[in-house]
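The structure appears right after this line, and notes come after that.
By convention in this document, chain letters (A, B, ...) are assigned in the order of the sequence lines, proteins followed by strands, and residues within each chain are numbered from 1.
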2 protein chains.
Amino acid sequence: MSESGAALRNTRQRSAVSALLGEMEGFHSAQDLHAMLRQRGERVGLTTVYRTLQGLADAGEIDVMRPPGGEHLYRRCSQGHHHHLVCRACGRTVEVAGPAVESWADRVAEQHGYADVSHTLEIFGTCPACVR
Amino acid sequence: MSESGAALRNTRQRSAVSALLGEMEGFHSAQDLHAMLRQRGERVGLTTVYRTLQGLADAGEIDVMRPPGGEHLYRRCSQGHHHHLVCRACGRTVEVAGPAVESWADRVAEQHGYADVSHTLEIFGTCPACVR
DNA sequence: GCGTTTTTGACAATCATTATCGTTACCACG
DNA sequence: CGTGGTAACGATAATGATTGTCAAAAACGC
């Protein structure tokens, strides 16, 4: 119950999920990742995959995207705050940073008296390879 | 089958949904709107509400938001392109425009060779009334 | 090792959304 | 003003990702 004494334990399952994310490129759904772990012979429950991903997301170690279509997608990204430029056709993703956008969002929110500000931003397009 | 001969028909149900959206402030879910229509005595099926909302969204007449929590929220907004500043606690929404953000997004996408660019942006915060 | 506490995982439950498909109502045309 | 073709409706079932449950297993401090 102590809020500072979280003390997450090191488990085989958590390592497996984390390791897998380290090797993967692009975004993948929880169900995807679960299937991959199974193929490798790692025995991890689907519930645990969800829990682990949520934990990592809360900790800021991975990014979550909610594309139209309803499935949550997860990816290990560079640590800092950034956004994604995603190809509609093939899903290829580029990380983009926009300091001006960040400060703009914060400023707009503060002007309206909103506190504790966060935001989400995704850019969609068709990548060069898919345009042809 | 002719692509230009769409010819949407005027139905009582479509008018009811559209009218309701015209009176409402803020975002509401499809199920919400359906319940309100029922309370008014309008007899509209849930399926139809979903279909109508999707149609209006495709036509660009209403905005869709997908907040964490899984429910799609719809709202009639001003016509032009804009974004939303939403209160996490009470849902109060402010429309905000950011020309600089639009052009930044387009520029970033083009730099990476992405075509046919669009984007989504939501700002979340706690509004003045809920901060206290 | 030992006990405590977290974590796991199979399964059921949830719930918004979508598909189905017979019925109804719109509307253009005669 | 009737009528035929077709789009729209709507009750219900299906879908499918995510979350809740809870007994059993594993991890960590000592």
Taking atom types as modelled, is there a side-chain donor on A:Gln13 or A:Thr52 under 3.5 Å from an acceptor on the other? no
Can you confirm whether the side chains of A:Glu71 and A:His28 place a donor and an acceptor under 3.5 Å from each other? no
Could you check how far [atom1] of [X] sits from [atom2] of [N], rounded to whole Å?
{"X": "A:Arg43", "N": "C:dT7", "atom1": "CZ", "atom2": "C1'", "answer": "16 Å"}
{"X": "B:Leu56", "N": "D:dA8", "atom1": "CG", "atom2": "P", "answer": "13 Å"}
{"X": "A:Tyr50", "N": "D:dG20", "atom1": "OH", "atom2": "C1'", "answer": "14 Å"}
{"X": "B:Glu71", "N": "C:dA16", "atom1": "CD", "atom2": "C1'", "answer": "7 Å"}
{"X": "B:Arg9", "N": "D:dT6", "atom1": "CZ", "atom2": "C1'", "answer": "5 Å"}
{"X": "B:Arg12", "N": "D:dA7", "atom1": "CZ", "atom2": "C1'", "answer": "16 Å"}
{"X": "B:Leu53", "N": "D:dA8", "atom1": "CG", "atom2": "P", "answer": "15 Å"}
{"X": "B:Glu42", "N": "D:dC9", "atom1": "CD", "atom2": "C1'", "answer": "15 Å"}

Would a line drawn from the ring center of B:His81 to the ring center of B:His119 be shorter than 6.0 Å? yes
Would you please indicate yes or no on a ring centroid separation below 6.0 angstrom for B:Tyr50 and B:His34? no
Checking only heavy atoms, does the side chain of [X] share a donor-acceptor pair with the base of [N] at less than 3.5 Å?
{"X": "A:Arg14", "N": "C:dT7", "result": "no"}
{"X": "B:Thr47", "N": "D:dA11", "result": "yes"}
{"X": "A:Arg51", "N": "C:dG9", "result": "yes"}

Between [options], which nucleotide gets closest to the side-chain atoms of [X]?
{"X": "B:Gln31", "options": "D:dG10, C:dA16, C:dT7", "answer": "C:dA16"}
{"X": "A:His72", "options": "D:dC28, C:dT17, D:dT18", "answer": "D:dT18"}
{"X": "B:Thr11", "options": "D:dA8, D:dT18, D:dG10", "answer": "D:dA8"}
{"X": "A:Leu46", "options": "D:dT18, C:dC27, C:dT17", "answer": "D:dT18"}
{"X": "A:Gln13", "options": "D:dT18, C:dT8, C:dT7", "answer": "C:dT8"}
{"X": "A:Thr48", "options": "C:dG9, C:dT6, D:dG10", "answer": "C:dG9"}

Within the structure, does a side-chain N or O atom of A:Gln54 lie under 4.0 Å from either OP1 or OP2 of D:dT19? yes
Does atom CD of B:Glu23 have more than 12 heavy-atom neighbours from other groups under 6.0 Å away? yes
